[in-house]
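Following: one structure in structure tokens, then a few remarks.
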Amino acid sequence: MDDESQIPPGDTALRLRKTALELFARHGYAAVSMRQIAGEVGVQVGALYNHISDKQALLYRLMAEHMVELLQAVAAADLPKEPLAALEGFTRFHIRHHAARPEAVFISYMELRNLSPENFALLEEQRQAYEARLRQILERGQAEGVMQIADARIATRAVIAMLTGITTWFRDGGGQSLSEVEEIYWEMVRRLVTR
């Protein structure tokens with residue numbers, strides 16, 4: 001999401017999404033009201049409905065925007081063909097991309113339970129498309145004999161969960177740099193799929 005200083009003063013829709021993202025990440029979707037969002041944006045509650053139909057639509061929009069951005073970024077990542085090199089590239093991509101967006105990542109994983117069944121189904125298609133990128137790397141590694149995995153689907157979910165978890169604790173200026181964390185996590189991922 002754009003930096004506050006880059007949002008034009010009249011762009012209420014963008015301020016609405018940025019504010020909702022911050023509030024949902026800080027307090028949880030269920031605890032945040034449209035009135036609270038409106039107060040933070042500096043508009044009357046009714047003005048929000050010029051930009052979004054309801055809070056559920058707002059949650060879905062934030063999650064869908066995150067997934068579209070993620071899918072576009074991984075498609076542009078140009079991962080190597082060789083399976084281990086591709087897995088390393090995917091690992092590093094996932095860590096960097098997600099570490100730069102901790103609020104969006106938190107909402108995208110922790111607030112799934114608050115989506116309507118229809119919105120959940122739409123978002124799940126996008127999530128599966130992203131998982132498929134990693135699963136195909138693992139399956140190729142298995143087929144070429146460079147990876148030993150009992151079940152590529154489970155391994156995919158395990159790797160993504162492990163890598164995504166970084167956003168819950170990593171902060172710039174902490175004990176290690178993001179590059180150092182990448183190295184450590186890449187080694188753990190490599191050991192997970194090779195023996």
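Counting from 1, the numbers follow the sequence of the chain as shown. What you see below is based on every heavy atom in this structure, not just the backbone, and it leaves out hydrogens, waters and symmetry mates. Since the structure is predicted, the reported quantities are computational estimates derived from the model, not experimental observations.
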Might you point out which heavy atoms bring [X] and [Y] nearest each other, and give the distance in Å?
| X | Y | result |
| --- | --- | --- |
| Ala57 | Ser53 | CB-OG, 3.4 Å |
| Pro83 | Val146 | CB-CG2, 4.0 Å |
| Ala13 | His51 | CB-ND1, 3.6 Å |
| Ala25 | Ile107 | N-CD1, 3.9 Å |
| Ala77 | Phe93 | CB-CD1, 4.3 Å |
| Leu58 | Ile52 | N-CG1, 3.6 Å |

Report task. Would you please classify the geometry between the His98 ring and the His66 ring as parallel, tilted or perpendicular, with 30° and 60° separating the classes? Result ->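 Perpendicular.
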Query raised in the report: Is the Phe24 ring parallel, tilted or perpendicular to the Tyr29 ring (thresholds 30°, 60°)?
Result: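 Ring orientation, 0 to 90° scale: perpendicular.
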Report task. Return the set of residues passing salt bridge (Lys or Arg N to Asp or Glu O under 4.0 Å) with Arg171 (not counting sequence neighbours), or none when no residue passes. Result -> none
Report summary line: Sorted by chain and number, sequence neighbours left out, salt bridge (Lys or Arg N to Asp or Glu O under 4.0 Å) with Arg157 holds for Glu131
[atom1] ([X]) with more than 12 external heavy atoms under 6.0 Å:
| X | atom1 | result |
| --- | --- | --- |
| Gln176 | CD | yes |
| Arg191 | CZ | no |
| Met188 | CE | yes |
| Asn50 | CG | yes |

Does the side chain of [Y] come within less than 4.5 Å of [X]'s, by heavy atoms?
| X | Y | result |
| --- | --- | --- |
| Val189 | Leu163 | yes |
| Met63 | Leu112 | yes |
| Thr194 | Leu84 | yes |
| Leu23 | Arg26 | yes |
| Tyr109 | Thr167 | no |
| Tyr49 | Met34 | yes |
| Leu87 | Leu134 | yes |
| Glu124 | Arg127 | yes |

Query raised in the report: Val105 and Trp169: same hydrophobic cluster, using ILVMFWY side-chain contacts below 4.5 Å?
Result: yes
Query raised in the report: Should Val32 and Val45 be regarded as members of a common hydrophobic cluster, given that ILVMFWY residues are connected when their side-chain heavy atoms come within less than 4.5 Å of each other, either directly or indirectly?
Result: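 Val32 and Val45: one cluster.
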Hey, could you give me the [atom1]/[atom2] distance between [X] and [Y], rounded to the nearest 0.5 Å?
| X | Y | atom1 | atom2 | value |
| --- | --- | --- | --- | --- |
| Leu62 | Met67 | CG | CE | 14.0 Å |
| Phe90 | Leu79 | CZ | CG | 8.0 Å |
| Lys55 | Asn114 | NZ | CG | 7.5 Å |
| Thr91 | Glu187 | OG1 | CD | 11.0 Å |
| Gln128 | Leu123 | CD | CG | 10.5 Å |
| Ser179 | Ile184 | OG | CD1 | 11.0 Å |

Query raised in the report: Checking salt bridge (charged side-chain N to carboxylate O under 4.0 Å, His left out) for the pair Arg92/Glu183: CA distance, chi angles, key distance, verdict?
Result: CA-CA 8 Å; Arg92 292 178 185 281; Glu183 290 299 327; 2.9 Å; yes
Taking [X] first and then [Y], would you say they form a salt bridge - that is, a charged N and a carboxylate O separated by under 4.0 Å?
| X | Y | result |
| --- | --- | --- |
| Arg190 | Glu88 | no |
| Arg17 | Glu65 | yes |
| Glu82 | Arg140 | no |
| Glu139 | Arg153 | no |

Can you check whether [Y]'s main-chain N or O pairs, donor with acceptor, with [X]'s side chain at less than 3.5 Å?
| X | Y | result |
| --- | --- | --- |
| Arg101 | His97 | yes |
| Glu125 | Leu122 | no |
| Arg135 | Thr156 | no |
| Glu182 | Arg96 | no |
| Glu111 | Gly28 | no |
| Thr168 | Gly165 | yes |

Query raised in the report: Going by distance alone, is a donor N or O of one side chain under 3.5 Å from an acceptor N or O of the other, for His94 and Tyr185?
Result: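 No donor-acceptor contact under 3.5 Å links the two side chains.
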Requested in this report: Go through the steps to decide whether Arg133 and Ile137 satisfy the test side-chain contact (heavy atoms from CB on, under 4.5 Å), and finish with yes or no.
Outcome: CA-CA 7 Å; Arg133 299 289 299 235; Ile137 293 169; 5.7 Å; no
